[in-house]
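Here's the structure, in structure tokens; my notes come after.
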Amino acid sequence: MVKICCIGAGYVGGPTMAVIAFKCPAIEVAVVDISVARIAAWNSDQLPIYEPGLEDIVTQCRGKNLFFSTEVEKHVSEADIIFVSVNTPTKTRGLGAGKAADLTYWESAARMIADVSKNDKIVVEKSTVPVKTAEAIEKILTHNSNGIKYQILSNPEFLAEGTAIQDLFNPDRVLIGGRETPGGQKAIQTLKEVYAHWVPEDRIICTNLWSAELSKLAANAFLAQRISSVNAMSALCEATGADVTQVSHAVGKDMRVGSKFLNASVGFGGSCFQKDILSLVYICECNGLKEVANYWKQVIQVNDYQKNRFVNRVVSSMFNTVSGKKIAILGFAFKKDTGDTRETPAIDVCKGLLGDNANLSIYDPQVTEDQIRKDLSMRKFDWDNPIHLQPMSPTVMKQLNVVWDAYAATKDAHGLCLLTEWDEFKTLDFKKIYDNMQKPAFVFDGRNIIDEQKLREIGFIVYSIGKPLDGWLKDMPAVA
Ligand code: NAI
């Protein structure tokens, strides 16, 4: 029986390994983590992450060929293939702070592999890492090898949170990069055979190591760039009377552009897009490619601009002040069908409104009060200026209320901001909400999910990103 061990039981390690175990009953899969709480949750009825379809797969395989454990060294030493799926956040201090990927967790995992291994191993980079990381890992392993042979593969993960299981069952592609040596090619073949249990061969792309590592950064940069492009257009639409949904529909009909990922919104979030683009920017700068670095940096700058623009629109529409006013925030996760709040635009929007003294009442179907308070009290990571970080003051935190119902959140509110596109928000009884709000009642739709005409008929003043402004908003001061 082939034994696989995955270091890191997070959003990637958990679902990817569950699917490998499910599709390959003859492979034993152990997912290990240093976090006792996380492993305990994986072994309980309350999984540590919410992902449609995940629970079903985990319960079918757990205890048979899928194990979650904190015995990291034991499982690593027994495995033939070791996936490393640890976090690779942006460095917040030291050289490259605010841009470079922090490889502390990766390096410590690699050193531990070298310490405990007793037979030859294939080590697979599952985490998103800067191009050329495999070379560093290879050095750590071979300089501590005691005669053991290691093959490093890059197998970046392309799943999207919220559709992880669907994406893993039916991936657009699986990418495997390895050394162009007989040993490297054999390792590629071994990993390919694992995926070939369910992925058609023509969707398994094999490349050299550096192409695989860079492709993941490039893919995320391209995806984020589409969002920033349409968001930049949304600002121009508001200024000119064009409707961004009509513009993106017309643009996306061109086969060369395609229609996906062209929805204007309050901005992209999630743990990956910003950090991976910053990592790309840093790599470009280190290679003397200033113009290329600046090009990609703009994608993040437009994203920050979009979040600020949204806050400014809320404040300026409500007579240029939200001080002491109750604002309902519907949705806090960075997108629907996940409870993940990492880099969610809701953090910046809420902080902006709290900064203007608003009282916030927040509801998200999958995010706990603890998480929301933690996110909003944490120092804001300012990628452009990582040294001067300020935490939220305790006084400001008193302006915050977290509730478990959209109607409670909106009761007596002056304004309502929709920040996550949860399906349940589309079917809310907006007449009831309107009746219970202060007047004039404002809706600011950061995801373009509501029918703004219907809401206007009820009596709301409505702002939808990139859509023609109604009379009220046009009369308010321009938003930069
Ligand atoms: P995560 O933070 O949810 O999980 C990482 C886990 O690794 C944590 O539970 C942590 O305790 C554990 N860990 C860290 N060092 C360890 C060590 N030395 N030994 C054992 N466990 C250790 O991170 P997530 O979201 O799963 O991301 C992992 C990697 O995958 C990152 O590089 C990310 O960029 C990449 N990725 C993430 C995607 C996503 O949607 N979240 C999608 C594709 C790639």
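The analysis underlying the following values was restricted to heavy atoms, covering all of them including side chains, and did not include hydrogens, waters or symmetry mates. Counting starts at 1 for both ligands and their atoms, following the listed order. For this chain, numbers begin at 1 and follow the sequence in order. The model shown is predicted, which means the values in this text are computed figures rather than measured ones.
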Contact partition for [X] relative to ligand 1, non-hydrogen atoms under 4.0 Å:
X      : value
Glu125 : neither
Ser127 : both
Cys272 : side chain

Which protein non-hydrogen atom lies closest to [atom], naming both residue and atom, and how far is it?
atom                    : value
atom 25 (O) of ligand 1 : Arg342 NH2, 2.9 Å
atom 1 (P) of ligand 1  : Arg38 NH1, 3.5 Å
atom 18 (N) of ligand 1 : Ser108 OG, 3.5 Å
atom 40 (O) of ligand 1 : Glu161 OE2, 3.1 Å
atom 44 (C) of ligand 1 : Thr128 OG1, 3.5 Å
atom 36 (N) of ligand 1 : Val12 CG2, 3.4 Å
atom 14 (C) of ligand 1 : Asn87 OD1, 3.3 Å
atom 19 (N) of ligand 1 : Ile7 CG2, 3.4 Å

*Identify which of Thr88, Val31, Ile49, Asp33 has a heavy atom lying nearest to atom 8 (C) of ligand 1.*
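Going through Thr88, Val31, Ile49, Asp33 one by one, Asp33 has the nearest heavy atom to atom 8 (C) of ligand 1.
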Report, in ascending order of atom number, the atoms of ligand 1 lying under 4.0 Å from any heavy atom of [X].
X      : result
Tyr105 : 14 (C), 15 (N)
Gly8   : 6 (C), 7 (O), 12 (C), 21 (N)
Ser85  : 5 (C), 28 (C)
Lys216 : 43 (C)
Ser271 : 41 (N)

*Check Gly269 against Pro345 and note the closest heavy-atom contact, atom names and distance.*
CA-CD, 3.9 Å
*asked:* So for Lys275, does at least one of its heavy atoms come nearer than 4.0 angstrom to any atom of ligand 1?
replied: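 Yes.
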*Any salt bridge between Lys351 and Asp348, counting N to O under 4.0 Å?*
no
_Charged N-O contact under 4.0 Å between Lys118 and Glu78_ = no
*Show your reasoning for whether side chain to side chain contact (heavy atoms under 4.5 Å, CB included) applies to Trp42 and Val31.*
CA-CA 10 Å; Trp42 279 111; Val31 191; 5.9 Å; no
*Look at the aromatic rings of Trp404 and Tyr363 and report parallel, tilted or perpendicular, splitting at 30° and 60°.*
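The rings of Trp404 and Tyr363 stand perpendicular, inter-plane angle above 60°.
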*Evaluate the criterion salt bridge (Lys or Arg N to Asp or Glu O under 4.0 Å) for residue pair Glu138 and Arg179; output intermediate values, then yes/no.*
CA-CA 11 Å; Glu138 213 168 48; Arg179 285 277 182 201; 2.6 Å; yes
*List the steps and the verdict of salt bridge (Lys or Arg N to Asp or Glu O under 4.0 Å) for Glu157 and Lys216.*
CA-CA 8 Å; Glu157 185 48 60; Lys216 174 64 193 176; over 6 Å; no
*Lys192 and Ile176: side chain to side chain contact (heavy atoms under 4.5 Å, CB included), yes or no, with the steps?*
CA-CA 8 Å; Lys192 201 172 162 183; Ile176 306 175; 4.3 Å; yes
_Residue pair Ile137, Tyr150: steps toward the side chain to side chain contact (heavy atoms under 4.5 Å, CB included) verdict_ = CA-CA 10 Å; Ile137 300 304; Tyr150 295 98; over 6 Å; no
_Below the 3.5 angstrom mark, is there an N/O of Glu157, backbone or side chain, next to an N/O of ligand 1?_
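N/O-N/O distance below 3.5 Å does not exist for this pair.
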*When you measure from the side chain of Asp276 to the backbone N and O of Asn220, does any donor-acceptor pair fall under 3.5 Å?*
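It does not hold such a pair.
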*Is the backbone of Lys275 close enough, under 3.5 Å, to the side chain of Ser279 for a donor and an acceptor to pair up by distance?*
no
*Does the pair Glu421 and Lys426 meet the rule for a salt bridge (Lys or Arg N to Asp or Glu O under 4.0 Å), with working shown?*
CA-CA 8 Å; Glu421 71 280 22; Lys426 295 179 194 162; over 6 Å; no
